[in-house]
Amino acid sequence: MIISTESLKEMIDSNEDFILIDVRRKNELIYGTIPKAVHLCLQDFSNAFDLSDKKFSEMYNFKKPSKDKLIIVYCRTGNRSDIAAEYLNKKGYNVKNYEGSIKAWSQIDNNVKMYE
């Protein structure tokens with residue numbers, strides 16, 4: 001499943017209960033992040049979601065999502081977040097890919113810059 005920029009913005013603005021995960025590499029975060037996002041690099045996914053809730057929180061500084069909580073993932077252009085979404089879906093999580101990712105979000109938020 002995918003989510004549009006308009007839908008994501010509406011969910012953020014209305015403070016809906018979901019978790020937004022930025023799956024880019026740490027060095028990419030300097031270009032800005034989408035409001036309310038937490039960071040978990042795609043390369044860490046294969047280990048992260050097998051950790052205990054406590055260990056996950058200690059390592060990533062946010063609570064490990066339950067399988068029924070909506071997770072939205074994004075990256076720079078949507079490719080890595082598609083991989084992340086597919087991985088989480090196979091693990092039984094309720095997940096959507098924000099396909100527009102930073103590329104689209106940078107068009108509506110001056111705090112976020114597109115980059116090569």
Side-chain angles (χ1 to χ4, degrees):
M1 286 196 91
I2 60 170
I3 187 167
S4 69
T5 300
E6 296 77 21
S7 294
L8 179 58
K9 182 163 182 2
E10 187 177 303
M11 290 174 71
I12 291 170
D13 291 347
S14 64
N15 207 25
E16 286 190 36
D17 186 26
F18 67 98
I19 187 158
L20 179 61
I21 302 178
D22 185 329
V23 304
R24 296 176 296 161
R25 293 179 305 277
K26 193 171 189 170
N27 66 324
E28 293 177 273
L29 302 180
I30 62 170
Y31 298 101
T33 60
I34 297 173
K36 302 187 182 196
V38 294
H39 179 249
L40 177 56
C41 184
L42 176 61
Q43 288 81 359
D44 291 343
F45 266 57
S46 60
N47 295 324
F49 287 90
D50 289 331
L51 295 172
S52 69
D53 292 353
K54 183 177 188 235
K55 191 69 171 168
F56 183 98
S57 295
E58 288 171 359
M59 290 188 72
Y60 301 108
N61 298 313
F62 67 95
K63 186 178 175 185
K64 183 177 176 183
S66 63
K67 291 200 174 181
D68 61 338
K69 185 171 187 113
L70 175 60
I71 301 170
I72 299 171
V73 291
Y74 76 93
C75 60
R76 185 177 68 92
T77 60
N79 294 327
R80 287 174 284 177
S81 57
D82 187 51
I83 294 167
E86 186 150 330
Y87 175 82
L88 289 173
N89 185 49
K90 285 180 181 173
K91 300 271 288 173
Y93 286 89
N94 178 18
V95 61
K96 291 184 180 182
N97 179 19
Y98 171 40
E99 219 175 31
S101 289
I102 287 298
K103 185 174 186 177
W105 196 265
S106 68
Q107 301 297 308
I108 65 164
D109 186 343
N110 291 333
N111 295 312
V112 176
K113 308 291 180 222
M114 187 53 191
Y115 56 97
E116 294 301 316

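- Expressed to the nearest 0.5 Å, how far NE2 of His39 lies from CZ of Arg25 amounts to 9.5 Å.
- Between Cys75 and Ser81 the shortest heavy-atom distance is SG-N, 3.4 Å.
- Inter-residue side-chain proximity for Ile72 and Met1 is flagged as unmet; no heavy-atom pair is nearer than 4.5 Å.
- The hydrophobic cluster containing Ile19 also contains Tyr60, counting ILVMFWY residues as joined when their side-chain heavy atoms lie under 4.5 angstrom apart, directly or transitively.
- Side-chain atoms of Phe49 and Pro65, non-hydrogen and from C-beta on, do get closer than 4.5 Å to each other.
- For the pair Asp109 and Pro35, the tightest heavy-atom approach, listed with the atom from each and the gap, is OD2-CD, 3.9 Å.
- The line from NZ of Lys103 to OH of Tyr115 is 12.5 Å long, rounded to the nearest 0.5 Å.
- In the hydrophobic cluster analysis, where Ile, Leu, Val, Met, Phe, Trp and Tyr join through side-chain heavy atoms closer than 4.5 angstrom, Ile3 is grouped together with Phe18.
- A heavy-atom distance below 4.5 Å is not found between the side chains of Gln107 and Thr5.
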(message) Run Met114 and Thr77 through side-chain contact (heavy atoms from CB on, under 4.5 Å) and show every step you take.
(response) CA-CA 9 Å; Met114 187 53 191; Thr77 60; 4.0 Å; yes
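- The aromatic rings of Phe62 and Phe56 sit perpendicular to each other, their planes meeting at more than 60°, with 30° as the lower class boundary.
- Taken to the nearest 0.5 Å, the NZ atom of Lys96 stands 10.0 Å off from the CD1 atom of Ile2.
- Summarising the local packing, CD of Glu16 is surrounded by more than 12 heavy atoms from other residues, nucleotides or ligands at distances under 6.0 Å.
- The heavy-atom pair separating Ala85 from Val95 by the smallest distance is O-CG1, 3.3 Å.
- In the hydrophobic cluster analysis, where Ile, Leu, Val, Met, Phe, Trp and Tyr join through side-chain heavy atoms closer than 4.5 angstrom, Leu42 is grouped apart from Tyr31.
- Inter-residue side-chain proximity for Asp68 and Asn94 is flagged as unmet; no heavy-atom pair is nearer than 4.5 Å.
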(message) Walk me through whether Glu99 and Asp82 qualify under side-chain contact (heavy atoms from CB on, under 4.5 Å).
(response) CA-CA 7 Å; Glu99 219 175 31; Asp82 187 51; 5.9 Å; no
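- In this structure the side chain of Thr33 reaches within 4.5 angstrom of the side chain of Arg24, judged on heavy atoms.
- Summarising the local packing, NZ of Lys64 is surrounded by more than 12 heavy atoms from other residues, nucleotides or ligands at distances under 6.0 Å.
- Atom CG of Asn110 has 12 or fewer neighbouring heavy atoms from other residues, nucleotides or ligands inside a 6.0 Å radius.
- Here the straight-line distance linking atom CD1 of Ile102 with atom CD1 of Ile34 works out to 4.5 Å at 0.5 Å rounding.
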(request) Start with the C-alpha gap between Ile30 and Lys113, add the side-chain angles, then the distance that decides, and say whether side-chain contact (heavy atoms from CB on, under 4.5 Å) holds. (result) CA-CA 9 Å; Ile30 62 170; Lys113 308 291 180 222; over 6 Å; no
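- At least one donor-acceptor pair closer than 3.5 Å links the side chain of Lys67 to the backbone N or O of Lys91.
- At distances below 3.5 Å, not a single donor-acceptor pair connects side-chain atoms of Arg80 with backbone N or O atoms of Val23.
- Residue Trp105 holds its CH2 atom at 4.0 Å from CD1 of Ile12, rounded to the nearest 0.5 Å.
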(message) Could you go through Leu88 and Phe45, starting from their C-alpha distance and side-chain angles, then the distance that decides it, and tell me whether this counts as side-chain contact (heavy atoms from CB on, under 4.5 Å)?
(response) CA-CA 9 Å; Leu88 289 173; Phe45 266 57; 3.6 Å; yes
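- Note on Tyr87: it clusters hydrophobically with Tyr93, by side-chain heavy-atom contacts below 4.5 Å among ILVMFWY residues.
- Counting non-hydrogen atoms of neighbouring residues, nucleotides and ligands closer than 6.0 angstrom, the CD atom of Glu86 reaches no more than 12 such neighbours.
- Panel note: side chain Lys36, backbone Leu20; no donor-acceptor pair is recorded below 3.5 Å.
- At least one side-chain heavy atom of Val112 sits under 4.5 Å from a side-chain heavy atom of Ser106.
- Taking CG of Leu40 as the reference point, atom CG of Asn61 lies at 11.0 Å (rounded to 0.5 Å).
- Under a hydrophobic-cluster definition in which Ile, Leu, Val, Met, Phe, Trp and Tyr are linked whenever side-chain heavy atoms come within less than 4.5 Å, directly or via other members, Ile21 and Met59 are assigned to the same cluster.
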(request) Go through Tyr74 and Asp22 one step at a time and tell me if the side-chain hydrogen bond (donor to acceptor under 3.5 Å, both in side chains) criterion holds. (result) CA-CA 5 Å; Tyr74 76 93; Asp22 185 329; 2.9 Å; yes
